[in-house]
There are 2 protein chains.
Amino acid sequence: MVDDVDRALLVLLQQDATQSYETLGQAVGLSAGSAHARVRKLRDRGVIRRTTIEVDPAAIGRGVCAYVLIKAGEWMGDPPTRDALLAIAGIQEAHIVAGAASLLVKVRTATTEELQATLREIFAVEGVTGTETVVVLETFFEKPVRP
Amino acid sequence: MVDDVDRALLVLLQQDATQSYETLGQAVGLSAGSAHARVRKLRDRGVIRRTTIEVDPAAIGRGVCAYVLIKAGEWMGDPPTRDALLAIAGIQEAHIVAGAASLLVKVRTATTEELQATLREIFAVEGVTGTETVVVLETFFEKPVRP
DNA sequence: CGTGAAAAGGATCGGCC
DNA sequence: GGCCGATCCTTTTCACG
């Protein structure tokens, strides 16, 4: 389904999605046309979800990062909960998790005041009985995925 | 430093970094050339860190996702710790955090057995006195950052 | 699946407002 | 800063192995 050449292409594109198919092809021992065909198929199959840019959070007023574990008194894995969390601007990711907490969300804000406001919003969501916040002081690293 | 037009460009590029500067320019009311100049400057200033692809984790054998809170008996915010964590294949992100735990890492593996192996590797790192693992059952959503 | 080459469309640069 | 226009390069497609 995804062979070694595909994996190599994925790694290269994760590093830099602006390089030409010519360059890409040379790196994996293929012609530009073939490299292109491979990548198109990866896109069509959904292996490549999209091409994006990585933005420096601090440069756009999102310098504060925290993970919030959310405890619930009821099942919160349904669309209404999802929509309520989606509507909170400070929340960037939301996951249903196993363990003492029901949900884990990643929050990014400009200031700690905004973080506080976001926590208030989280508490206002139906079913939330408690939160535990882990504030990120520094990000050590973020590796691209190795396929 | 980053005005409204820049912010609009960042949002558009996060959604789809493959669109032409012509399209981009029309969306923000600029010519293709000017849109291009804006984006280049955003790159040069480091606001745009890089252009990447988003890969479906399940498609490349990374279907299992977990967050691990790491407790330490000593300060673990120095390069040696960083390097030790970098060397662990299953770890995708590592953050220094405030709270009961010292570090928070994001782990992605193909299977729960591999997750277990990764936890073993984490315990082998100098200074680690305990871990608390939060397994992700389902990802609700991952929003692009709104500048 | 791969290749090579032609056609179409963008990226990029310089001169100018 | 932004616009326009002219190259140059890439993406994209196609007939063929």
Side-chain angles (χ1 to χ4, degrees), chain A residues 1-63 110 142-147, chain B residues 1-63 110 142-147:
Chain A
M1 204 96 265
V2 177
D3 66 16
D4 290 344
V5 175
D6 288 335
R7 268 186 279 273
L9 289 170
L10 290 173
V11 169
L12 291 165
L13 285 172
Q14 273 190 312
Q15 285 162 1
D16 176 14
T18 67
Q19 57 196 310
S20 72
Y21 290 116
E22 184 63 47
T23 310
L24 235 36
Q26 282 175 334
V28 300
L30 246 54
S31 71
S34 299
H36 180 243
R38 290 267 195 166
V39 174
R40 190 166 42 70
K41 275 176 201 161
L42 288 168
R43 275 186 219 283
D44 291 346
R45 279 190 277 157
V47 175
I48 295 176
R49 290 210 180 119
R50 58 181 180 151
T51 303
T52 9
I53 53 167
E54 206 180 281
V55 178
D56 176 16
I60 54 169
R62 293 293 177 120
E142 291 180 59
K143 283 196 257 189
V145 198
R146 318 259 161 104
Chain B
M1 205 93 270
V2 177
D3 67 15
D4 290 345
V5 175
D6 287 335
R7 268 188 279 275
L9 289 171
L10 291 173
V11 168
L12 290 166
L13 285 171
Q14 273 190 311
Q15 285 163 1
D16 177 13
T18 66
Q19 58 196 309
S20 72
Y21 289 117
E22 182 65 48
T23 310
L24 235 36
Q26 283 177 332
V28 300
L30 244 55
S31 73
S34 300
H36 181 247
R38 291 267 195 165
V39 174
R40 190 164 40 70
K41 274 175 201 160
L42 287 168
R43 275 185 220 284
D44 291 346
R45 279 190 276 155
V47 176
I48 295 176
R49 291 210 181 120
R50 59 180 179 150
T51 303
T52 11
I53 53 166
E54 206 181 281
V55 178
D56 176 14
I60 55 169
R62 294 291 177 124
E142 291 179 57
K143 282 197 256 189
V145 198
R146 318 257 160 106

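FYI, side chains are in, hydrogens and waters are out, and symmetry mates aren't considered; it's all heavy atoms of this structure.
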Test side-chain contact (heavy atoms from CB on, under 4.5 Å) applied to A:V2 and A:R7, step by step: CA-CA 7 Å; A:V2 177; A:R7 268 186 279 273; 4.2 Å; yes
Would you say B:R38 places a side-chain N or O within less than 4.0 Å of OP1 or OP2 belonging to D:dG2?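 Result: yes.
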For a quick test of reading the model: is some side-chain N or O of A:S34 closer than 4.0 Å to OP1 or OP2 of C:dT3?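 Yes, because at least one side-chain N or O of A:S34 sits under 4.0 Å from OP1 or OP2 of C:dT3.
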If a stem is a run of at least 3 consecutive Watson-Crick or G-U pairs, both distances under 3.5 Å, which stems include DNA chain C?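 If one scans DNA chain C for consecutive Watson-Crick or G-U pairs, the stems found are C:2-6 with D:12-16, C:8-17 with D:1-10.
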Would you please name every residue forming a salt bridge (charged side-chain N to carboxylate O under 4.0 Å, His left out) with B:R146, sequence neighbours left out?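 Salt bridge (charged side-chain N to carboxylate O under 4.0 Å, His left out) check on B:R146 returns nothing, list empty.
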Mind checking what makes salt bridge (charged side-chain N to carboxylate O under 4.0 Å, His left out) contact with B:D56, not counting sequence neighbours?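 In terms of salt bridge (charged side-chain N to carboxylate O under 4.0 Å, His left out), with neighbours along the sequence ignored, B:D56 is linked to A:R49.
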Could you pull out the closest heavy-atom pair between A:V55 and B:Q14, with the gap in Å?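 Taking every non-hydrogen atom into account, CG2-NE2, 4.0 Å.
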Work out which heavy atom in B:L9 is nearest to a heavy atom in B:L24; give both atom names and the distance.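 Reported closest heavy-atom pair: CD2-CG, 3.9 Å.
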Show me the donor-acceptor pairs within less than 3.5 Å that the side chains of residues 27-38 of chain B make with the rest of the protein, sequence neighbours left out.
| residue | atom | partner | partner atom | Å |
| --- | --- | --- | --- | --- |
| B:S31 | OG | B:S34 | N | 3.2 |
| B:S31 | OG | B:S34 | OG | 3.1 |
| B:R38 | NH1 | B:D3 | OD1 | 3.0 |
| B:R38 | NH1 | B:D3 | OD2 | 2.8 |
| B:R38 | NH1 | B:D6 | OD1 | 3.1 |
| B:R38 | NH2 | B:D3 | OD2 | 3.4 |

May I have the distance from [X] (atom [atom1]) to [N] (atom [atom2]), rounded to whole angstrom?
X     : N      : atom1 : atom2 : answer
B:D4  : D:dG1  : CG    : C1'   : 16 Å
B:D3  : D:dG1  : CG    : P     : 8 Å
B:L9  : D:dG1  : CG    : C1'   : 14 Å
A:L24 : C:dG2  : CG    : P     : 14 Å
B:L13 : C:dA11 : CG    : P     : 11 Å

List for me each residue that meets side-chain hydrogen bond (donor to acceptor under 3.5 Å, both in side chains) alongside B:R43, sequence neighbours excluded, and say none if there are none.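 Testing B:R43 for side-chain hydrogen bond (donor to acceptor under 3.5 Å, both in side chains), a comparison that skips the adjacent residues, returns B:T51.
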For the backbone of B:A59 and the side chain of A:R45, can you confirm whether one donor and one acceptor N or O come within less than 3.5 Å of each other?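 The answer is no, because no donor-acceptor pair under 3.5 Å joins these two groups.
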Scoring nucleotides 9-14 of chain D by protein non-hydrogen atoms under 4.0 Å (B base, S sugar-phosphate only, - none) yields -SSSB-
